[in-house]
Amino acid sequence: MEGCGIRYIADYSPSGGRHLYIPLAERMEAPAARELIEALALIAASLDPSPHQNVTDGCIRVPGSAHKRGGHQILVTPLNEAYDVLRRRNPVHAVAALRRHLAPELKRARELKARAAKMSAPATASGVSPVPFGGSQSPLRLAARTGLYDTARYASPSEARMAVLNHFASCGWTLDQVRLELGGQFPGLAALYTDADRQERLLDKEWAEARRWIQKPGTPRAGRRNARINDTSPPVPTGGASRTSSKAGAHQLVNDLENVLYAVLDHRLKERGREGLSLRLLLRAVLGYMRTMETDLLDVGCRTFATALGKHHGTVSRLLPMLEQASDGILTKIADARGRNADTYVIQLPQQFEELARELSWRSGKIHGIRPVFRALGDVAALVYEAIERGRLSPTTAAVVRFTGLSRTAVETALAAMSSYNMIERRHGQWSITAGTSLTALARRLGALDDAAEQISTHRKQRAAWHAWLDRNLAPELAEHEVDEPDSDLYWIPPSETEQDLIGTLWRAA
């Protein structure tokens with residue numbers, strides 16, 4: 001708030017809670033205030049938005065008020081400074097600056113409310129209590145973020161800590177990543193240790209215990225046959241990694257295919273409208289997978305590419321055969337899916353494109369399908385950002401329209417949205433990437449990483465059900481916790497130092 005020019009008054013209560021008062025120069029309607037506070041709650045896990053979520057209740061104690069447990073509400077801000085803040089209240093432009101800073105959270109809060117309303121409408125109509133959706137709202141993640149846990153499930157903070165650490169270990173986190181996020185997105189886990197000395201003393205020991213726990217086989221139930229299905233591990237390719245002669249050869253092939261994509265295929269596919277837009281992004285995802293995994297053989301399922309694109313796996317299964325036909329020999333199916341193995345495609349540079357690929361110089365940067373942030377911003381924004389990021393010169397709006405083949409209205413809308421999030425900036429009529437903006441951090445603020453984790457978790461449950469069906473002759477019944485355990489099935493994306501590390505993590509997890 002201080003960075004946005006917001007001045008406030010602070011106090012604290014004998015119970016440890018704190019209040020921040022933001023006096024306004026001009027009246028703000030209750031819905032606008034509620035929206036702003038709910039956005040703040042997305043980045044401050046301990047903030048209680050309930051006093052602003054209705055217009056009749058939710059009164060709080062002001063400084064000097066007696067507390068029911070004894071003592072009084074204590075003013076933290078010096079009295080003369082508090083008086084000055086109340087006399088010279090926050091102007092409209094300071095509140096506007098705060099709204100601009102919270103633009104990702106405001107967008108995410110609206111989407112969460114729309115999703116909740118969409119899910120609750122059918123349940124309410126049929127007289128059934130709506131089921132809360134998972135992801136960031138799961139009890140285990142709530143414990144990691146806020147330190148609050150279900151006492152009916154965990155008898156002590158120690159048990160709640162171990163549940164969180166066990167899950168981190170099963171999702172492939174490292175101890176260094178856990179330490180980093182104790183002061184980042186999961187401060188509640190640090191709170192479960194009570195103090196820093198206790199955390200320092202116990203964390204290494206408990207992490208070692210968590211690592212041992214995830215390596216134990218499942219405990220079978222008496223009188224039942226069980227088969228362990230480990231769908232929290234990354235899928236192992238069935239042959240793609242061994243096909244290319246060298247890592248350098250795989251990267252050279254991707255660079256050549258990028259030249260063909262920009263010079264020929266993009267122009268062909270843009271004539272196919274919305275379907276062409278999806279095919280262009282799917283081809284980029286294929287090339288991105290090739291570069292990350294260093295292979296020219298695709299033997300992973302539609303759900304892997306659905307995770308990369310932020311789309312339904314049924315959409316990808318419909319698009320892949322169409323892409324094979326439209327790619328003019330670049331993508332060729334060589335084996336049908338069977339059992340646990342997916343359809344297998346080989347990627348190659350057709351002879352008719354060899355001369356073109358060699359004549360054009362390679363572009364700087366790396367190609368992507370859709371990076372997590374564009375799950376929230378959309379396909380058009382992904383292509384527009386790519387045009388700016390990988391352009392040989394900083395492009396004008398007209399040049400972006402020509403490069404992407406999209407309508408000017410769609411391009412201008414995407415440019416305005418990305419500019420509002422400080423992803424891009426315009427100087428002298430030319431667009432460039434804002435170097436200081438982290439796309440990973442923005443994706444987290446927009447909730448895109450949570451969406452990706454939910455999709456990965458859903459896909460793992462679907463794979464578990466399919467594998468169980470295949471194994472039915474060997475294992476007629478499965479233990480309930482091996483098929484559907486909400487907390488253990490929920491995948492949490494480990495933090496990454498660079499965006500490229502995050503992309504690799506997502507490919508392997510998907």
Novice: Can you find a heavy atom in the side chain of Leu165 that is under 4.5 Å from one in the side chain of Trp173?
Specialist: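 SC-SC contact between Leu165 and Trp173 ruled out.
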Novice: Should Phe305 and Leu282 be marked as a side-chain contact (heavy atoms from CB on, under 4.5 Å) after you check the CA-CA gap, both sets of side-chain angles, and the distance that decides it?
Specialist: CA-CA 8 Å; Phe305 288 106; Leu282 178 56; 4.2 Å; yes
Novice: Give, for atom CZ of Arg18 and atom CD of Gln73, the distance between the pair rounded to the nearest 0.5 Å.
Specialist: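 It comes to 10.5 Å.
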Novice: Can you find a heavy atom in the side chain of Leu203 that is under 4.5 Å from one in the side chain of Leu175?
Specialist: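 They are in contact (side-chain heavy atoms under 4.5 Å apart), so the answer is yes.
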Novice: At their closest point, which heavy atom of Leu192 faces which heavy atom of Ala143, and how far apart are they?
Specialist: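 Residues Leu192 and Ala143, closest heavy atoms: CD1-O, 4.3 Å.
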Novice: Is the shortest side-chain heavy-atom distance between Leu415 and Ile388 below 4.5 Å?
Specialist: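 A side-chain contact under 4.5 Å exists here.
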Novice: Can you find a side-chain donor-acceptor pair between Asp48 and Ser50 that sits under 3.5 Å?
Specialist: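 A donor-acceptor contact under 3.5 Å links the two side chains.
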Novice: Identify every side-chain donor-acceptor pair in residues 20-29 under 3.5 Å, counting partners at least two apart or on other chains, and give the distances.
Specialist:
| residue | atom | partner | partner atom | Å |
| --- | --- | --- | --- | --- |
| Tyr21 | OH | Asp11 | OD2 | 2.9 |
| Tyr21 | OH | His19 | ND1 | 3.4 |
| Tyr21 | OH | Arg61 | O | 3.1 |

Novice: What residues, two or more places apart in sequence or in another chain, satisfy side chain to side chain contact (heavy atoms under 4.5 Å, CB included) together with Ser438?
Specialist: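 Partners of Ser438 by the side chain to side chain contact (heavy atoms under 4.5 Å, CB included) criterion, ordered by chain and then number, come out as Thr440, Ala441.
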Novice: Going by heavy atoms in the side chains, are Glu386 and Ile367 under 4.5 Å from each other?
Specialist: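 The answer is yes, as the side chains (C-beta and beyond) meet within the 4.5 Å cut-off.
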Novice: Keeping Ser170 on the side-chain end and His167 on the backbone end, is there a donor-acceptor pair under 3.5 Å?
Specialist: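 Present.
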Novice: Start with the C-alpha distance between Tyr193 and Glu200, add both sets of side-chain angles, then the distance that settles side-chain hydrogen bond (donor to acceptor under 3.5 Å, both in side chains), and finish with yes or no.
Specialist: CA-CA 9 Å; Tyr193 283 99; Glu200 189 64 28; over 6 Å; no
Novice: Quick one: closest heavy-atom pair of Ala169 and Ala210, and the distance?
Specialist: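 Scanning both residues completely, I find the closest heavy atoms to be CB-O, 4.1 Å.
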Novice: State, to 0.1 Å, how close Ser13 and His67 come at their nearest heavy-atom pair, and which atoms those are.
Specialist: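 In this case the closest contact between Ser13 and His67 is CB-CD2, 4.0 Å.
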Novice: Is the shortest side-chain heavy-atom distance between Tyr385 and Leu439 below 4.5 Å?
Specialist: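 Tyr385 vs Leu439: side chains touch.
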Novice: Answer yes or no: is there a donor N or O on one side and an acceptor on the other, between the side chain of Glu81 and the main chain of Pro78, under 3.5 Å?
Specialist: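 Not a single qualifying donor-acceptor pair exists.
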Novice: Begin from the C-alpha positions of Met423 and Thr434 and carry the test side-chain contact (heavy atoms from CB on, under 4.5 Å) through to its verdict.
Specialist: CA-CA 5 Å; Met423 298 169 62; Thr434 304; 5.8 Å; no
Novice: Evaluate the side-chain contact (heavy atoms from CB on, under 4.5 Å) criterion for residues Leu47 and Ile37: first the C-alpha distance (whole Å), next the side-chain angles of each, then the deciding distance (0.1 Å), finally the verdict.
Specialist: CA-CA 9 Å; Leu47 190 152; Ile37 293 299; 3.8 Å; yes
Novice: For Asp379, which of Arg274, Arg280, Lys311 qualifies under salt bridge (Lys or Arg N to Asp or Glu O under 4.0 Å)?
Specialist: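 So the option named by the test is Lys311.
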Novice: Calculate, to the nearest 0.5 Å, the distance between atoms CD and CG belonging to Glu181 and Leu189 respectively.
Specialist: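 That separation rounds to 10.5 Å.
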Novice: With a 4.0 Å cut-off on N to O distance, would you call Asp450 and Arg375 a salt bridge?
Specialist: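 Looking at Arg375 together with Asp450, the answer is no, because their closest N to O distance does not fall below 4.0 Å.
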Novice: Ignoring hydrogens, what is the shortest heavy-atom contact between Glu159 and Ala155? Give both atom names and the distance.
Specialist: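 Between these two residues, the closest heavy atoms are OE1-N, 3.1 Å.
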Novice: Parallel under 30°, tilted from 30 to 60°, perpendicular over 60°: which one fits the rings of Phe168 and Phe186?
Specialist: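 Answer is tilted, since the angle falls between 30° and 60°.
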Novice: So, do Leu277 and Leu406 sit near enough that their side-chain heavy atoms are less than 4.5 Å apart?
Specialist: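 Yes, their side chains come closer than 4.5 Å.
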Novice: State, with a plain yes or no, whether a side-chain heavy atom of Arg161 is found less than 4.5 Å away from one of Ser158.
Specialist: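 Yes, close enough: below the 4.5 Å cut-off.
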Novice: Check step by step if side-chain contact (heavy atoms from CB on, under 4.5 Å) holds for Ile456 and Arg460.
Specialist: CA-CA 6 Å; Ile456 291 171; Arg460 291 185 172 192; 3.7 Å; yes
Novice: Below 4.5 Å, heavy atoms only, C-beta onward: do Gln455 and His459 meet side chain to side chain?
Specialist: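 The answer is yes; the side chains approach within 4.5 Å.
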Novice: List the steps, then state whether salt bridge (charged side-chain N to carboxylate O under 4.0 Å, His left out) holds for Asp204 with Arg179.
Specialist: CA-CA 10 Å; Asp204 288 352; Arg179 290 186 188 277; 2.3 Å; yes
Novice: Is it true that Arg88 and Asp84 have a side-chain N and a carboxylate O under 4.0 angstrom from each other?
Specialist: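 Yes, Arg88 and Asp84 are salt-bridged.
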Novice: What I want to find out is whether Asp451 reaches Arg108 closely enough, with some N-O distance under 4.0 Å, to be called a salt bridge.
Specialist: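 Judged by the 4.0 Å cut-off on N to carboxylate O distance, Asp451 and Arg108 do not form a salt bridge.
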Novice: List the atom of Gly5, the atom of Ala94, and the distance in Å for their closest heavy-atom pair.
Specialist: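 Looking at all heavy atoms of both residues, the closest pair is O-CB, 3.8 Å.
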Novice: Whether Glu209 and Lys205 form a salt bridge (side-chain N of Lys/Arg under 4.0 Å from carboxylate O of Asp/Glu) is what I want to check.
Specialist: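 A salt bridge is absent here (no side-chain N lies under 4.0 Å from a carboxylate O).
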Novice: Mind checking the CG-CH2 spacing from Asn166 to Trp207? Nearest 0.5 Å is all I need.
Specialist: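 Reported value, rounded in 0.5 Å steps: 9.0 Å.
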Novice: Would the distance check show the side chain of Ser394 and the main-chain N or O of Ser432 forming a donor-acceptor pair, the cut-off being under 3.5 Å?
Specialist: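 Pair absent, no side-chain N/O of Ser394 close to backbone of Ser432.
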Novice: Looking at Val384 and Ala414, what are the two nearest heavy atoms and their distance?
Specialist: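 In this case the closest contact between Val384 and Ala414 is CG2-CB, 4.2 Å.
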Novice: Determine which pairs satisfy side chain to side chain donor-acceptor pair (under 3.5 Å) with at least one residue from residues 97-106, sequence neighbours left out, and list them in order.
Specialist: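 Qualifying pairs, neighbours excluded: Glu35-Arg99, Glu105-Arg445.
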Novice: Okay, side chain of Arg89, backbone of Leu86: is any donor-acceptor separation there less than 3.5 Å?
Specialist: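 The answer is yes, because a donor-acceptor pair under 3.5 Å joins these two groups.
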